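Notes follow once the structure below has been shown.
Order of appearance sets the numbers: ligands from 1, and atoms from 1 within every ligand. All values reported here derive from a predicted model rather than from experimental measurement.
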Amino acid sequence: FAMYKDHPEPRMFNTPDELQDSYDVVIIGGGGHGLAAAYYLAKDHGITNVAVLEKGYIGGGNTGRNTTIVRSNYLTPEGVQFYDKSVRLFQDLSQDFDLNIFYSTRGHYTLAHTEGSLNTMRWRAEVNKHFDVDSEVVYPNEIRRDVPEMNLECGGEMPVMGALYHAPGAIARHDAVAWGYGKGASLRGAEIHQKTEVTGINIESGRVTGVETNRGTINTKKVLCAVAGFTPRLTEMAGFSTPIQIRPLQAAVSEPHKPWLDTIIVSGTLHTYINQSSRGELVMGSSLDPYELHSTRSSLDFTEGLIDNALDLFPFTSELKVVRQWAGMADITPDFAPIMGKTPVEGFYLDSGWGTWGFKATPVSGKTMSELVATDRVPELIEPFRLSRFTENRLMGERAAASVGH
Ligand code: FAD
Ligand code: PYC
């Protein structure tokens, strides 16, 4: 890091006061994905004349609002291979960043309460094993042994019949992931500009030439758009559309409790999932709100429904208080898989469609999108996630592995 030779290393990252007139690459969105792309552009491809433009503060979007579950127990071969690569990258991140992201491998249970969902778990287990991903179907005796605190009768109405157990399932500190990528990108020369909103995309003869911001015009031939719940606004500025719908996804945490829940528990049927953070809070979520809404408001209705179902699984937590709840704007695709790659505008690359599942993809998205931006060639791993799949009738069909109910 020669540029810092004569300066003390910044605690996290430096931001120059002024924007330059032009950059080799402009990244819109300072969430995990945008920052990871900036990091790997510098680290893997030596491209450092890069500006990350973030309208709020880094990690303040869905990256800082998610429930931090990392796993690769997907349903499609393309999904399994893609997320498996991300899990492997996650495992080395603390060392890469020299910053503890509190990556904690916990084991992940997706509960089945019906014969139908048990069949889907069997299917997922077989696809996973084919790609050397550690997943297996387990039955109530094994679950009881591993998670004795859980009431498998679930209040009597929907008893647990089995589960997909995925040993590598993990959690991590989401803000540390954003800050680690930001710090690493900045140390290598990328600029991170917060409170800098992109308000227009400049295009000439079908090619991107720059962006308009609340701080003036920036010229560039390459733009990476990584704005999750704001994708429709940006694609409208660029003059094309995607089938993405924005739906709120809410979550909540309890007051801290002594450590008792080692594993991650997900029940699509009960619209509930729970893990215990390194701080002892129960981190809990539910299914998507059932309507399109571009807002991060959270509702009492959500907390009531969530806690009602969570208590079916863990009745002894009834005295625990919920201390915070919030929502993120999830960018949902029709097939519950991301949209990554080139767009109808030359030089304008899209990283989106991360819905309720994109935190775990942060490292692999950064790796592959930075390769695309640097070389203009689509890496094989993300080719199936191209935008044009929706007009080619090549949908991915990842809904059954999307974890939360939809
Ligand atoms: P974001 O973090 O949203 O970053 C996009 C950024 O773009 C924002 O900071 C925004 O301010 C900025 N921006 C927008 N418009 C502009 C503009 N015009 N100019 C400049 N900047 C702009 N995924 C999992 O894998 N596991 C989970 O357990 C999980 N749980 C979730 C729970 C909840 C409640 C939610 C809401 C999501 C969850 N997700 C989960 C999904 C995951 O959070 C997201 O898919 C992921 O964080 C997306 O990251 P990102 O960097 O693409 O987007
Ligand atoms: O993708 O594993 C996931 C997840 C869990 C809760 C929200 N998303």
Side-chain angles (χ1 to χ4, degrees), residues 26-37 51-74 83 86-87 90 108 110 166 169-172 174-175 177-178 181 193-201 211-215 224-234 236-237 246-253 264-266 268 271-275 283-289 296 298 302 325-332 336 338 340 350-362 365-366 369 398 401-406:
V26 165
I27 297 176
I28 313 174
H33 286 233
L35 294 164
V52 180
L53 308 181
E54 165 53 52
K55 75 185 179 80
Y57 57 94
I58 70 166
N62 288 352
T63 296
R65 295 164 188 270
N66 77 80
T67 44
T68 82
I69 297 170
V70 176
R71 62 187 171 89
S72 56
N73 56 356
Y74 274 76
Y83 292 107
S86 214
V87 170
F90 253 117
H108 180 286
T110 313
H166 176 55
I171 53 173
H174 42 14
D175 43 358
V177 172
Y181 275 123
H193 293 276
Q194 303 184 103
K195 295 191 178 168
T196 306
E197 177 167 3
V198 171
T199 53
I201 309 292
V211 297
E212 296 298 329
T213 79
N214 59 340
R215 298 170 60 197
L224 169 59
C225 179
V227 296
F230 297 85
T231 300
R233 297 186 199 181
L234 269 295
E236 191 181 351
M237 292 177 202
I246 306 304
R247 308 249 307 265
L249 183 68
Q250 305 193 44
V253 292
I264 302 159
I265 306 292
V266 179
H271 302 294
T272 298
Y273 61 93
I274 307 183
N275 65 72
V283 180
M284 301 171 282
S286 188
S287 45
L288 280 165
D289 286 0
T296 51
S298 190
F302 153 75
Q325 65 179 86
W326 64 90
M329 284 161 44
D331 40 334
I332 302 292
F336 295 81
M340 304 177 76
L350 192 59
D351 174 83
S352 67
W354 292 110
T356 66
W357 50 86
F359 174 67
K360 71 180 74 60
T362 307
S365 128
M369 289 306 297
E398 208 60 278
S403 198
V404 293
H406 297 95

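- Listed by number with element, the atoms of ligand 1 under 4.0 angstrom from any heavy atom of Asn62 are 1 (P), 2 (O), 3 (O), 43 (O), 44 (C), 47 (O).
- The shortest side-chain heavy-atom distance between Met329 and Thr296 falls under the 4.5 Å cut-off.
- Among all non-hydrogen protein atoms, the one lying nearest atom 4 (O) of ligand 1 is Gly31 CA, 3.3 Å.
- Side-chain contact check for Leu234 versus Ile28: some heavy-atom pair is nearer than 4.5 Å.
- The shortest contact between atom 53 (O) of ligand 1 and any protein heavy atom is with Ala228 CB, 3.2 Å.
- Taken from CD1 in Ile265 to OG1 in Thr272, the straight-line distance is 11.5 Å, to the nearest 0.5 Å.
- When each atom of ligand 1 is checked for a heavy atom of Ala251 under 4.0 Å away, the hits are 34 (C).
- Set against the non-hydrogen atoms of Gly355, the atoms of ligand 1 under 4.0 Å away are 41 (C), 45 (O).
- Using a 4.5 Å heavy-atom cutoff, the side chains of Val253 and Trp326 are in contact.
- Within the 4.5 Å cutoff, the side chain of Tyr181 has no heavy atoms near those of the Ile58 side chain.
- At a 3.5 angstrom cut-off on N or O pairs, Trp357 counts as close to ligand 1.
- Considering backbone and side-chain N/O of Ala361, none are found under 3.5 Å from N/O of ligand 1.
- Residue contacts with ligand 1, taken as heavy atom pairs separated by less than 4.0 Å, involve Thr196 solely via the backbone atoms N, CA, C and O.
- Residues Leu249 and Asn62 have side chains not in contact (no heavy-atom distance under 4.5 Å, counting atoms from C-beta outward).
- We find the OH-CD1 distance between Tyr273 and Ile69 to be 6.0 Å, quoted to the nearest 0.5 Å.
- Atom SG in Cys225 sits 11.5 Å away from atom CZ in Phe230 (nearest 0.5 Å).
- At the top of the distance list for atom 42 (C) of ligand 1, counting protein heavy atoms only, stands Phe359 N, 3.5 Å.
- Contact of the Asn66 side chain with the Trp357 side chain is not registered, since no non-hydrogen atoms from C-beta on lie closer than 4.5 Å.
- In this pair, Trp354 and His33 present their aromatic rings tilted. The plane angle is within the 30 to 60° band.
- For ligand 1, one of its N or O atoms has an N or O atom of Thr63 under 3.5 Å away.
- The nearest heavy-atom contact from the protein to atom 30 (N) of ligand 1 is Thr67 OG1, 2.9 Å.
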Tyr74 and Phe336: CA distance, side-chain angles, deciding distance, ring-ring contact (aromatic ring centres under 6.0 Å, His included) verdict
CA-CA 11 Å; Tyr74 274 76; Phe336 295 81; over 10 Å; no
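- Selection from Leu249, Thr213, Asn66 by nearest heavy atom to atom 43 (O) of ligand 1 gives Asn66.
- If you take CD1 on Ile332 and CD1 on Ile246, they are separated by 8.0 Å, rounding to the nearest 0.5 Å.
- Taking only nitrogen or oxygen atoms, main chain and side chain alike, Arg65 does not reach within less than 3.5 Å of ligand 1.
- Both cation-pi conditions hold for Lys360 and Tyr83: the charged atom is under 6.0 angstrom from the six-membered ring centre and inside a 45 degree cone around its axis.
- Taken from OG in Ser72 to NE2 in His108, the straight-line distance is 10.0 Å, to the nearest 0.5 Å.
- Contact annotation: Gly229 has no heavy atom less than 4.0 Å from any atom of ligand 1.
- With Arg215 as the partner, the side chain to side chain contact (heavy atoms under 4.5 Å, CB included) test is satisfied by one option alone out of Thr196, Leu53, Thr199: Thr196.
- Using a 4.5 Å heavy-atom threshold, the side chains of Met284 and Ile274 count as touching.
- Not a single N or O atom of Asp351, backbone or side chain, sits closer than 3.5 Å to an N or O atom of ligand 1.
- In terms of N/O distances under 3.5 Å, ligand 1 is not approached by Trp326.
- For ligand 1, the polar-atom distance check finds an N/O of Glu54 within less than 3.5 Å of one of the ligand's N/O atoms.
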In sequence, state the C-alpha distance, the side-chain angles, and the governing distance for Asp351 and Ser365, and then conclude on side chain to side chain donor-acceptor pair (under 3.5 Å).
CA-CA 8 Å; Asp351 174 83; Ser365 128; 3.1 Å; yes
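- Ranked by closest heavy atom to atom 18 (N) of ligand 1, the top entry among Thr68, Val198, Ile201 is Val198.
- For atom 13 (N) of ligand 1, the closest non-hydrogen atom of the protein is Val227 CG1, 3.8 Å.
- Closest protein heavy atom to atom 27 (C) of ligand 1: Ile69 N, 3.6 Å.
- The distance criterion of under 3.5 Å between nitrogen or oxygen atoms is not met by Tyr273 with respect to ligand 1.
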For ligand 2, list every N/O pair with the protein closer than 3.5 Å, one pair per line with the distance.
{"residue": "ligand 2", "atom": "1 (O)", "partner": "Arg71", "partner atom": "NH2", "Å": "3.2"}
{"residue": "ligand 2", "atom": "1 (O)", "partner": "Thr356", "partner atom": "O", "Å": "3.4"}
{"residue": "ligand 2", "atom": "1 (O)", "partner": "Lys360", "partner atom": "NZ", "Å": "2.5"}
{"residue": "ligand 2", "atom": "2 (O)", "partner": "Arg71", "partner atom": "NE", "Å": "2.6"}
{"residue": "ligand 2", "atom": "2 (O)", "partner": "Arg71", "partner atom": "NH2", "Å": "3.3"}
{"residue": "ligand 2", "atom": "8 (N)", "partner": "Thr356", "partner atom": "O", "Å": "2.6"}

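- Using a 4.0 Å cutoff on heavy atoms, Ala178 does not count as a contact of ligand 1.
- Ala330 does not count as a contact of ligand 1, since none of its heavy atoms falls under 4.0 Å from the ligand.
- When heavy-atom distances to ligand 1 are checked against a 4.0 Å cut-off, Phe230 comes that close only through its side chain, counted from C-beta outward.
- Residue-ligand proximity: Leu234 is placed with a non-hydrogen atom under 4.0 Å from ligand 1.
- Residue Glu212 holds its CD atom at 9.5 Å from CD1 of Ile201, rounded to the nearest 0.5 Å.
- Regarding atom 20 (C) of ligand 1, its nearest protein heavy-atom neighbour is Lys55 N, 3.3 Å.
- Of the protein's non-hydrogen atoms, the one nearest atom 40 (C) of ligand 1 is Thr356 O, 3.1 Å.
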In sequence, state the C-alpha distance, the side-chain angles, and the governing distance for Thr362 and Thr63, and then conclude on side-chain contact (heavy atoms from CB on, under 4.5 Å).
CA-CA 9 Å; Thr362 307; Thr63 296; 5.7 Å; no
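- Put simply, the side chain of Thr110 does not reach to within 4.5 Å of the side chain of His166, judged on heavy atoms.
- Distances between N or O atoms of Gly358 and those of ligand 1 include at least one value under 3.5 Å.
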